[in-house]
Amino acid sequence: MNEIISYFSTIPSSHRSLILVGGITIFWLIENTFPLFRMQYKKWPHAGINFFFTFTTIVVNFILAFILIKTASWTIENHFGILQWLPKIPVWLYTIIGLLLLDLIGAYLAHFVQHKFKFLWQFHLVHHTDTWIDTTTANRHHPGESVIRFIFTTLGVFIVGAPMWMVFLYQSLSVVASQFNHANISLPEKLDIFLSYFIVSPNMHKVHHHYVLPYTDSNYGNIFSVWDRLFGTFTYLPKEQLIYGVDTHMSPEENNRLKNLLKIPFEKSRSFKNS
């Protein structure tokens with residue numbers, strides 16, 4: 001455990017980039033070999049759009065990174081946050097609690113809120129317009145959504161009182177988990193169900209990308225599945241019934257053209273639900 005803490009305390013930016021690129025590459029190869037669906041689409045042009053949004057997410061996080069670092073440092077220096085108020089516990093338990101809470105606030109809550117407020121949904125909608133869900137979809141976030149997610153991550157670090165090494169560990173796990181649960185991979189059904197009791201499995205998250213309610217408003221988790229089960233937002237749908245996308249933007253001109261995707265948050269909302 002000490003080795004992990006030491007590594008993530010000083011993890012180079014090049015290693016963080018390698019985790020991102022390596023994850024996409026590995027899951028890309030797996031989904032080409034063992035696809036969940038044999039989708040008829042041009043994979044490279046589709047990936048190009050999603051890689052553009054991956055790049056903008058990296059830029060946003062890089063520009064705002066100093067805020068995250070300052071927040072983490074402040075909580076440690078001022079002994080503020082849930083982790084800082086805990087009695088002395090084993091470091092492995094300290095780490096698990098921290099990761100669970102960061103995932104709750106930085107991922108689950110951020111995701112849930114974006115589905116419940118019209119203004120935030122308009123940005124998150126870009127992610128849901130993808131009708132060909134694969135591992136590149138994981139980072140298909142409008143730059144505006146990247147800012148929103150960063151705010152929630154910072155809020156999580158502040159409330160949890162997480163040291164920076166834990167933040168880097170959480171972000172690395174979050175990236176790989178998202179690439180994994182978006183990947184178009186076919187796991188044995190029993191294995192997928194087993195995994196879904198602990199982490200967000202591919203089939204579990206694919207339900208969230210079904211094109212109509214109530215499935216769109218379910219399975220918000222990213223790393224850990226416990227939050228969906230605890231808060232009653234877990235839903236199951238047989239993979240044979242899945243249709244990707246969102247019912248208000250099913251036209252290829254709307255969901256597969258970069259220019260149009262960038263404009264979606266600023267267009268008049270076609271429909272919104274407070275379910």
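FYI, the numbering just counts along the sequence from 1.
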For residues 202-212, dump all side-chain donor-acceptor pairs below 3.5 Å to protein atoms at least two apart in sequence or in another chain.
{"from": "His205", "atom 1": "NE2", "to": "His182", "atom 2": "NE2", "distance (Å)": "3.1"}
{"from": "His205", "atom 1": "NE2", "to": "His209", "atom 2": "NE2", "distance (Å)": "3.3"}
{"from": "Lys206", "atom 1": "NZ", "to": "Asn181", "atom 2": "O", "distance (Å)": "3.2"}
{"from": "Lys206", "atom 1": "NZ", "to": "Ala183", "atom 2": "O", "distance (Å)": "2.6"}
{"from": "His208", "atom 1": "ND1", "to": "Thr216", "atom 2": "O", "distance (Å)": "3.0"}
{"from": "His208", "atom 1": "ND1", "to": "Ser218", "atom 2": "O", "distance (Å)": "2.5"}
{"from": "His208", "atom 1": "NE2", "to": "His111", "atom 2": "NE2", "distance (Å)": "2.8"}
{"from": "His208", "atom 1": "NE2", "to": "His115", "atom 2": "NE2", "distance (Å)": "3.3"}
{"from": "His208", "atom 1": "NE2", "to": "His128", "atom 2": "NE2", "distance (Å)": "3.0"}
{"from": "His209", "atom 1": "NE2", "to": "His127", "atom 2": "NE2", "distance (Å)": "3.3"}
{"from": "His209", "atom 1": "NE2", "to": "His182", "atom 2": "NE2", "distance (Å)": "3.3"}
{"from": "His210", "atom 1": "ND1", "to": "Ile243", "atom 2": "N", "distance (Å)": "3.0"}
{"from": "His210", "atom 1": "ND1", "to": "Ile243", "atom 2": "O", "distance (Å)": "3.4"}

Only pairs under 3.5 Å count here: list side-chain donor-acceptor contacts from residues 96-109, not counting sequence neighbours, and write none if there are none.
{"from": "Asp103", "atom 1": "OD1", "to": "Ile223", "atom 2": "N", "distance (Å)": "3.4"}
{"from": "Asp103", "atom 1": "OD2", "to": "Phe224", "atom 2": "N", "distance (Å)": "3.1"}
{"from": "Tyr108", "atom 1": "OH", "to": "Thr233", "atom 2": "OG1", "distance (Å)": "2.8"}

Donor-acceptor contacts, no H, no angles, side chain residues 55-70, under 3.5 Å, sequence neighbours left out:
{"from": "Thr56", "atom 1": "OG1", "to": "Phe53", "atom 2": "O", "distance (Å)": "2.9"}
{"from": "Thr57", "atom 1": "OG1", "to": "Phe53", "atom 2": "O", "distance (Å)": "2.9"}
{"from": "Thr57", "atom 1": "OG1", "to": "Ser146", "atom 2": "OG", "distance (Å)": "3.0"}
{"from": "Asn61", "atom 1": "ND2", "to": "Thr57", "atom 2": "O", "distance (Å)": "3.3"}

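With hydrogens and angles disregarded, a donor-acceptor distance shorter than 3.5 Å links the side chain of Gln122 to the backbone of Ile264. Checking side-chain atoms of Asn184 against main-chain N and O of Pro35 turns up no donor-acceptor pair under 3.5 Å. One N or O on the side chain of Ser196 and one on the backbone of Ile193 form a donor-acceptor pair closer than 3.5 Å. Not one N or O on the side chain of His79 forms a donor-acceptor pair closer than 3.5 Å with the backbone of Trp85. Of the possible polar contacts, one joining the Thr33 side chain to the Leu29 backbone as a donor-acceptor pair under 3.5 Å is found. Judged by distance alone, the side chain of Asn219 and the main-chain N or O of Thr235 form a donor-acceptor pair under 3.5 Å. No donor-acceptor pair under 3.5 Å is formed between the side chain of Asn222 and the backbone N or O of Val200. Distance alone, capped at 3.5 Å, places no donor-acceptor pair between the Gln179 side chain and the Phe27 backbone.
For the atom pair CG of Asp130 and CG of Asn50, the computed distance is 5.0 Å after rounding to the nearest 0.5 Å. Between atom CZ of residue Phe158 and atom CH2 of residue Trp74 there is a gap of 5.0 Å, rounded to the nearest 0.5 Å.
Looking at heavy atoms from C-beta onward, Leu262 lies in side-chain contact with Pro143 at the 4.5 angstrom threshold. Between His142 and Leu261, the closest side-chain pair of non-hydrogen atoms is not below 4.5 Å. Between Leu195 and Leu187 there is a side-chain heavy-atom pair separated by less than 4.5 Å.
Taking the six-membered ring where the residue is Trp, Phe123 and Phe119 present perpendicular rings, their angle passing 60° and hence far from 30°.
Just one residue in the list Ile133, Thr129, Thr137 forms a side-chain contact (heavy atoms from CB on, under 4.5 Å) with Tyr244, and that residue is Ile133.
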